> 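Quick one: the structure is below, questions incoming.
Atom set for the values below is all heavy atoms of this structure, side chains included, hydrogens, waters and symmetry mates excluded. Predicted, not measured: the structure shown is a model, and the values here were computed from it.
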Amino acid sequence: MSATAATAVPPWIAAQRTQLLAQRGHAWLLHGPSGLGQLALALELVRAWLCDAPGAQGACGSCASCHAIAVHTHADLCVLMPETTLLALGWPLPEKAQAEIDDKKRKPSREIRVEAMREAVEFSQRTAARSRGKAVLVYPAEQMNTVAANALLKTLEEPPGDTRFVLASEAAHQLLPTIRSRCLGHAMAWPQAADALAWLKAQGVPADTAQALLRAAGERPEDALALAHAGLKPQDWAALPRALARGEAGVLAGLAPTQVVGSLQKLCHDLLAVRVGAAPRYFAPADLPQPAQAPPLATLTRWARTLTQAARTAEHPFNPGLMLEALVAGAQAVLHSGR
């Protein structure tokens with residue numbers, strides 16, 4: 001592997017890549033919570049599968065196949081993602097879908113559409129353009145609706161001989177059991193703290209900020225990087241419980257709706273921990289109400305259920321501003337219930 005390719009891969013991803021490439025299988029399901037690198041590992045696998053000169057450590061990083069994947073034009077790689085994700089990551093949409101969106105006939109889909117899945121099934125049945133077979137990458141796999149998942153089932157069970165699949169998911173429990181049973185499962189490994197901090201610093205996150213945001217992200221490095229990109233400052237995170245108790249929404253204003261709900265869920269988790277005498281995970285103990293002032297368990301349990309419901313619609317809120325106000329008002333009421 002070239003030096004450039006090697007240094008671009010975090011060490012915990014590289015170790016898992018080596019582990020999985022040493023095993024045989026036509027379909028992998030990479031699963032675990034967000035922020036652990038499911039997509040990065042999936043791409044490492046397809047690079048190695050399609051590489052002209054792969055080694056034990058994966059793709060060479062310099063052949064025509066590796067270059068084609070890097071510029072998102074490989075003829076033997078089919079990438080299935082929601083159209084919103086494809087656009088955000090710079091992958092091309094199918095011509096028909098791009099035309100429909102360009103003509104304002106519809107908005108980009110947040111699901112993996114059945115039409116795209118049927119094209120992927122057809123793709124898997126065609127002859128490979130190169131000599132290394134074909135690969136289908138599905139991410140996040142839980143965004144397949146039921147119709148799309150059913151369209152994949154038969155091909156996943158009896159794939160053409162030269163096609164391999166990798167499904168990457170941050171919520172594998174939402175997948176059909178029949179999808180899960182047709183794949184070899186791999187639970188994503190958690191990185192060592194030193195590796196995660198080194199990676200965040202390599203992405204341009206200052207050392208003190210990286211440490212604080214890694215804790216705020218529950219030790220998930222990609223989630224910590226997303227918080228950094230959203231402009232969250234360590235001091236603002238530390239002040240969040242007190243700001244919410246005052247009904248102030250400004251600390252959360254720069255975050256995406258899903259990040260807002262996730263931040264409140266983390267606060268709820270730590271308040272529950274404090275109430276039962278456990279150590280908090282996402283906040284420093286000094287940033288949280290003392291156990292005697294923590295909200296009652298029943299109140300926190302109801303709040304957790306409310307936030308779980310909010311998470312289901314957070315990706316497409318009717319009005320993000322009103323949603324933020326409602327969530328902050330709810331948090332303020334919970335925090336004052338312990339006083």
Side-chain angles (χ1 to χ4, degrees), residues 31-36 38-39 80-89 97 101 104-117 138-149 167-176 179 216-218 220 222-223 226-227 229-232 237 240-241 243-244 247-272 282 295 298-335:
H31 59 90
S34 67
L36 296 182
Q38 285 89 322
L39 178 58
L80 278 175
M81 300 181 191
E83 291 166 348
T84 51
T85 305
L86 287 170
L87 291 170
L89 297 179
I101 294 169
K104 311 296 183 185
K105 294 181 178 178
R106 62 178 179 85
K107 293 182 179 179
S109 174
R110 295 178 180 273
E111 290 185 329
I112 296 174
R113 304 177 75 228
V114 67
E115 292 85 357
M117 183 60 72
V138 186
Y139 171 82
E142 67 271 14
Q143 293 300 324
M144 292 185 290
N145 60 35
T146 302
V147 179
L167 285 64
S169 174
E170 297 170 359
H173 63 280
Q174 296 179 11
L175 292 171
L176 293 177
I179 291 285
R220 306 173 193 176
E222 288 187 353
D223 283 357
L227 291 175
H229 287 164
L232 184 65
W237 181 257
L240 180 62
L244 290 173
E248 298 173 2
V251 174
L252 298 172
L255 302 183
T258 52
Q259 291 175 318
V260 170
V261 176
S263 297
L264 296 180
Q265 288 178 314
K266 291 170 184 174
L267 176 57
C268 183
H269 171 280
D270 278 7
L271 290 172
L272 281 165
Y282 304 102
T299 301
L300 290 170
T301 301
R302 287 194 297 272
W303 191 34
R305 286 198 296 265
T306 299
L307 292 173
T308 298
Q309 293 172 350
R312 297 190 182 112
T313 58
E315 288 191 357
H316 40 82
F318 178 73
N319 184 311
L322 289 176
M323 173 185 161
L324 178 59
E325 288 181 15
L327 289 171
V328 170
Q332 183 181 24
V334 168
L335 288 164

> Mind checking whether Val260 and Val328 have side chains closer than 4.5 Å, heavy atoms only?
no
> Do Gln259 and Leu252 make a side-chain contact, defined as non-hydrogen atoms from C-beta onward lying under 4.5 Å apart?
no
> Do Met323 and Asn319 come within less than 4.5 Å of each other through their side chains, counting heavy atoms only?
no
> Does Trp237 use its side chain to pair, donor to acceptor, with the backbone of Tyr282 at less than 3.5 Å?
yes
> Between CG of Leu307 and CG of Leu327, what distance do you get to the nearest 0.5 Å?
7.0 Å
> Give me the atom names and distance for the closest heavy-atom approach of Ala149 to Ile179.
O-CD1, 3.6 Å
> To the nearest 0.5 Å, what is the distance between CG on Leu255 and CG on Leu324?
9.0 Å
> Counting distance only, does the side-chain N/O of Gln38 pair as donor-acceptor with the main-chain N or O of Ser169 below 3.5 Å?
yes
> Testing the basics here: between Gln143 and Pro82, what is the closest heavy-atom pair and its distance to 0.1 Å?
CB-CG, 3.8 Å
> If every non-hydrogen atom of Ala216 is compared with every non-hydrogen atom of Leu227, which pair is closest and at what distance?
CB-CD1, 4.2 Å
> Please examine the side chains of Leu36 and Glu170, heavy atoms only from C-beta on, and report whether any two atoms are closer than 4.5 Å.
no
> If we only count heavy atoms from C-beta on, is the Cys268 to Leu272 side-chain gap below 4.5 Å?
yes
> Could you list the residues that satisfy salt bridge (Lys or Arg N to Asp or Glu O under 4.0 Å) with Asp270, not counting sequence neighbours?
none
> What is the distance from atom CG of Leu240 to atom NZ of Lys266, rounded to the nearest 0.5 Å?
10.5 Å
> Can you tell me if Glu142 uses its side chain to pair, donor with acceptor, with the backbone of His173 under 3.5 Å?
no
> Which pair of heavy atoms, one from Leu80 and one from Ala116, lies closest together, and at what distance?
CD2-O, 3.5 Å
> If you take all heavy atoms of Val251 and Leu232, which pair is closest and at what distance?
O-CD1, 4.4 Å
> Taking all non-hydrogen atoms of both residues, which atom of Trp303 and which atom of Leu264 are closest, and how far apart?
CH2-O, 3.9 Å
> Does the side chain of Val334 come within less than 4.5 Å of Leu244's, by heavy atoms?
no
> How would you list, by chain and number, every residue that makes a side chain to side chain contact (heavy atoms under 4.5 Å, CB included) with Pro108, sequence neighbours excluded?
Glu83, Thr84, Leu87, Ile101
> When you compare the side chain of Met117 with that of Val147, does any pair of heavy atoms fall below 4.5 Å?
no
> Side-chain contact, heavy-atom cut-off 4.5 Å: Leu167 with Met144?
yes
